[in-house]
Amino acid sequence: MAKFKRILLKLSGESLMGEKKYGIDEKRLGEYAQQIKEIHDMGVQIGIVIGGGNIFRGLTGAGKGFDRVKGDQMGMLATVINSLGLSSALVAAGVKARVLTAIRMEPIGEFYTKWKAIEAMENGEAVIMSAGTGNPFFTTDTGSSLRGIEIEADVMLKGTRVDGIYTADPEKDPTATKFDEITYDEVLARGLKVMDLTATCMCKENNLPIIVFDMDTVGNLKKVMSGENIGTMVHN
């Protein structure tokens, strides 16, 4: 039995690079699709938001002279490319998938509405919600918080390269210790970089718990959904 009925899965664009320095690693994409299939087979309703950092990151572009709004729009399009890749991998794995976009771009994807997303999930489709919020100055973390709240998800699962939230960056500080669970207030008080401030506050205000876990270890997604104590739970 799955611990949650409906989830919002937030995937990192950078993680899609796998062993590559840029773009999409087909092996990593396939692994993600198989992990999603495992929980789909458990009857979980799945909404997905994926970043675009493996292709283009608006904030980085702005630091290199790009207009911030145009840079963010390029980043939104990068998330659409990743979403199309993931939907293709999911269909190949035997999972029906639908790409919705926050910006009109038929026939690449259908224009997002909450009701369209929920109807598709209830019909057994994995729904990939791309192009962020459709607005500049918002990250895909904020986009995933917004979508998770809109689709009335039970939890947001944030798949990253690390196995949870630590007191400091474990790659830089060997004394950093991991939290099994932590409140939103403590995340904010400690200034922990779980997600950006807007995204964290939205989840706190709307009582959407987050589980941060290592998605790059194959099998972890199913373990989280089975209720195993991996990763870090953030809650009110």
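This structure is a prediction, so every number in the text was calculated from the model and none was measured.
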Heavy-atom side-chain proximity of I7 to V44 below 4.5 angstrom: yes

Where at least one partner belongs to residues 95-107, residue pairs that pass side chain to side chain donor-acceptor pair (under 3.5 Å), sequence neighbours excluded: R98-E110, R98-E125, R104-E106

Could you tabulate the donor-acceptor pairs under 3.5 Å formed by side-chain atoms of residues 228-236, not counting sequence neighbours?
from, atom 1, to, atom 2, distance (Å)
T232, OG1, I165, N, 2.8
T232, OG1, F179, O, 2.5
H235, NE2, E181, OE1, 2.7
N236, ND2, K204, O, 2.9
N236, ND2, N207, OD1, 2.9

K193 atom NZ, neighbour heavy-atom count above 12 within 6.0 Å: no

Joint hydrophobic cluster, V212 plus L221, side-chain heavy atoms closer than 4.5 Å: no

N-O pairing of E31 and R28 below 4.0 Å: yes

Same apolar cluster (I L V M F W Y, side chains within < 4.5 Å links), V155/V194: no

Path from M225 to L11 over hydrophobic side-chain contacts below 4.5 Å: yes

Side-chain donor/acceptor of D154 to backbone N/O of K5, under 3.5 Å: yes

Sub-4.5 Å side-chain heavy-atom contact between I210 and K158: yes

K27, NZ: over 12 other non-hydrogen atoms inside 6.0 angstrom: no

Stepwise side chain to side chain contact (heavy atoms under 4.5 Å, CB included) check, L86 with L84: CA-CA 6 Å; L86 182 61; L84 292 171; over 6 Å; no

H40 side chain vs L90 backbone, donor-acceptor pair below 3.5 Å: no

Distance-only donor-acceptor hits, side chain of residues 50-59, under 3.5 Å, sequence neighbours excluded:
from, atom 1, to, atom 2, distance (Å)
N54, OD1, N82, ND2, 2.7
N54, ND2, G23, O, 3.1
N54, ND2, N82, OD1, 3.0
R57, NH2, E14, OE1, 3.1
R57, NH2, E14, OE2, 2.3

Closest approach of L29 to A89 (non-hydrogen atoms, all atoms of both residues): CG-CB, 3.9 Å

E119, CD: over 12 other non-hydrogen atoms inside 6.0 angstrom: no

Stepwise side chain to side chain contact (heavy atoms under 4.5 Å, CB included) test for S226 and M1: CA-CA 7 Å; S226 300; M1 275 292 291; over 6 Å; no

Test side chain to side chain contact (heavy atoms under 4.5 Å, CB included) applied to C201 and Y184, step by step: CA-CA 8 Å; C201 290; Y184 282 113; over 6 Å; no

Euclidean distance, L208 CG relative to T200 OG1, rounded to 0.5 Å: 11.0 Å

Side-chain heavy-atom pair S145, M195 within 4.5 angstrom cut-off: yes

For F138 against D72, the heavy-atom pair lying closest together: N-OD2, 4.5 Å

Atom CZ of R68 with >12 non-hydrogen neighbours under 6.0 angstrom: yes

Atom of I48, atom of I36 and distance for their closest heavy-atom approach: CD1-CD1, 3.9 Å

Which atom of M76 lies closest to which atom of I103, heavy atoms considered: SD-CD1, 3.5 Å

Hphob cluster co-occupancy, L8 + L100, side-chain heavy atoms under 4.5 angstrom: yes

Nearest-0.5 Å distance, CD1 of residue I39 to CD of residue Q45: 11.5 Å

E122 atom CD, over 12 foreign heavy atoms within 6.0 Å: yes

Test item: V80 and I108 side chains (from C-beta on) under 4.5 Å apart, heavy atoms: yes

Shortest non-hydrogen contact between Y112 and M129, atoms and distance: CE1-SD, 3.6 Å

Distance-only polar pair, side chains of T139 and D141, donor-acceptor under 3.5 Å: no

Shared hydrophobic cluster, M156 / M215 (ILVMFWY, side-chain heavy atoms < 4.5 Å): no

Side chain proximity check, L16 to Y32, heavy atoms < 4.5 angstrom: yes

Evaluation steps, side chain to side chain contact (heavy atoms under 4.5 Å, CB included), between M121 and I151: CA-CA 9 Å; M121 286 188 297; I151 66 170; 3.8 Å; yes

Gap between atom CG of D185 and atom CZ of R190 - 0.5 Å precision: 13.0 Å

Rounded distance (nearest 0.5 Å) linking atom CD1 of I118 with atom CG of N123: 12.0 Å

Heavy-atom neighbours of K20 NZ exceed 12 at 6.0 Å: yes

Backbone N/O of G143 and side chain of T140: donor-acceptor pair under 3.5 Å: no

Non-hydrogen side-chain atoms of R161 and S15 separated by less than 4.5 Å: yes

Pair D163-Y166, side-chain donor/acceptor within less than 3.5 Å: yes

Separation between CD1 of I46 and NZ of K37, rounded to the nearest 0.5 Å: 10.5 Å

Step-by-step side-chain hydrogen bond (donor to acceptor under 3.5 Å, both in side chains) determination, T160 to D214: CA-CA 5 Å; T160 64; D214 172 15; over 6 Å; no

Closest contact, heavy atoms only, M202 versus L146: CE-CA, 3.6 Å

From K3 atom NZ to I211 atom CD1, the distance as rounded to the nearest 0.5 Å: 5.5 Å

